[in-house]
Amino acid sequence: MKMESLLKRELNTVRLKQLGYAGGGCISQGQSYETDTGRVFVKVNHKNQAKTMFDGEMASLEAILKTSTVKVPKPIKVISLSDGGAVFVMEHLDIHGLNRHMATLGEQLANLHLHNEKLRDQESKDAHTVGKGPGQSEIQYVSRFGFHTTTCCGYIPQNNDWQSDWVNFFIQQRLQLQLDLIEKEYGDREVRELWSKLQLKIPALFHDVEITPALLHGDLWGGNIGQVEDGPVIFDPSSFYGHSEYELSISGIFGGFSTAFYTAYYNKIPKASGFEKRLKLYQLFHYLNHWNHFGTGYRGSSISTMKALLKQ
């Protein structure tokens, strides 16, 4: 009952009726409600870092929403709970498994990834037009890698401090952070030794690759996609500006995306030279992140990926 009165107060609604839609992933529990102003979906998490996690998700949804490229639930509000947890209220969407709109999702995701590059080109064009200058558009080109706030991949906070160099960003603020957690928890000597060799080889994987920061969903696996009546929808983002190739790495681990999706995506953003090797590197992040979330069941995949990268 406490939750109901909190929601009524925070959403300024008299009507608050639970609907049959409930859901939950590995991290949070969710429930849909009917309110005075329509349906909402409410996620609840009682962990201490829940507010950080939900603030990051809200900022991610807002950023994707502003691009008008791919549908996401509209975020409404993050509410702190007295036990240190938090609640995240967003628009309720009647989401079903994605089947009909796979190719559309591929195309729309590519549009999301190209959005920042298009802003750059537009700003450059406007700079040469009399009377036009920066600040004309609500969203401006982002020239660095990172994000304006912390986002969490699962419940682990990511360091999104801005960097101008993608390779440094990915090594220090993605892989190193995960490896530090593994070192602290497991003190795994084999991983330590492999990493000391691997980090020296990573820059060579990016030889001659030009990377424009792209706004990413950040955790795009099969469980975070679906469809509504008129097209695809993505949710549970963990956004930042990064290399567009990173986005496709987790889908290769857990599947859930058809050939039509990839074909439509690569029609707009063709694979660059060395793509497959970099994909393995990006998958390493997700194996390490899963090891840190779910335990040593992911140790084998992490180690074999590091070894495979060292052989290349």
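A distance-only check finds a donor-acceptor pair linking the side chain of Q227 to the backbone of R100 [under 3.5 Å]. Remark: the backbone N or O of Y141 is paired with a side-chain donor or acceptor of E123 at under 3.5 angstrom. The closest donor-acceptor contact from the side chain of D83 to the backbone of H46 lies at 3.5 Å or more, if one exists at all. Between the side chain of R278 and the backbone N or O of S273 there is at least one donor-acceptor pair closer than 3.5 Å. Checked by atom type and distance alone, the side chain of K201 pairs as donor or acceptor with a backbone atom of L310 at under 3.5 Å. At least one donor-acceptor pair closer than 3.5 Å links the side chain of T151 to the backbone N or O of S239. With hydrogens and angles disregarded, no donor-acceptor distance shorter than 3.5 Å links the side chain of S164 to the backbone of R144. The closest donor-acceptor contact from the side chain of S60 to the backbone of G56 lies under 3.5 Å. Side-chain atoms of E247 come within 3.5 Å of backbone N or O of H217 as a donor-acceptor pair. Panel note: side chain N224, backbone I234; no donor-acceptor pair is recorded below 3.5 Å.
Rounding to the nearest 0.5 angstrom, the gap separating the NZ atom in K118 from the NZ atom in K125 is 12.5 Å. Between F170 atom CZ and L284 atom CG the span is 7.0 Å, to the nearest 0.5 Å. Between atom CG of residue D161 and atom OG1 of residue T150 there is a gap of 8.0 Å, rounded to the nearest 0.5 Å. Note that the CH2 atom of W291 and the CD1 atom of I182 stand 4.5 Å from one another [nearest 0.5 Å]. Atom CG of residue L198 and atom CG of residue L179 lie 9.0 Å apart, to the nearest 0.5 angstrom. Put simply, CE on M3 and CG on L16 are 10.5 Å apart, with the number rounded to the nearest 0.5 Å.
Because its NZ or CZ atom is both nearer than 6.0 Å to the ring centre of F240 and within 45° of the ring axis, R174 counts as a cation-pi partner of that residue.
One finds no salt bridge joining E193 and K197 here, because no Lys/Arg side-chain nitrogen approaches an Asp/Glu carboxylate oxygen to under 4.0 Å. Salt-bridge formation is not detected for the pair K71/E91: no Lys NZ or Arg NE/NH1/NH2 atom is positioned less than 4.0 Å from an Asp or Glu carboxylate oxygen.
The closest side-chain donor-acceptor pair between H115 and T69, if any, does not fall under 3.5 angstrom. Inspection of the T212 and N116 side chains reveals no N or O donor paired with an N or O acceptor under 3.5 Å. Residues S251 and Y262 have side chains that bring a donor and an acceptor to within less than 3.5 angstrom of each other. Between the side chains of N292 and Q178, at least one donor N or O sits under 3.5 Å from an acceptor N or O. Between the side chains of Q176 and D180, at least one donor N or O sits under 3.5 Å from an acceptor N or O. Using a 3.5 Å distance cut-off with no hydrogens or angles, the side chains of S238 and Q158 do pair a donor with an acceptor.
Looking at every heavy atom in both residues, L93 comes nearest to V72 through CD1-C, 4.2 Å. Between H101 and V228, the closest heavy-atom pair is NE2-O, 4.2 Å. Of all non-hydrogen atoms in G218 and H286, the two that sit nearest each other are O-CE1, 4.2 Å. Summarising the geometry of L65 relative to P75, their closest heavy-atom pair is CD2-CD, 4.0 Å, with the distance given to 0.1 Å.
Only one option out of Q29, E57, Q31 pairs with K43 in a side chain to side chain donor-acceptor pair (under 3.5 Å); it is E57.
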Where do Q122 and D126 land on the side-chain hydrogen bond (donor to acceptor under 3.5 Å, both in side chains) test, with the steps shown first? CA-CA 6 Å; Q122 189 59 47; D126 289 350; 3.0 Å; yes

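Aromatic ring centroids of H113 and Y246 lie 6.0 Å or more apart. Ring pair H243/Y282: centre-to-centre distance below 6.0 Å.
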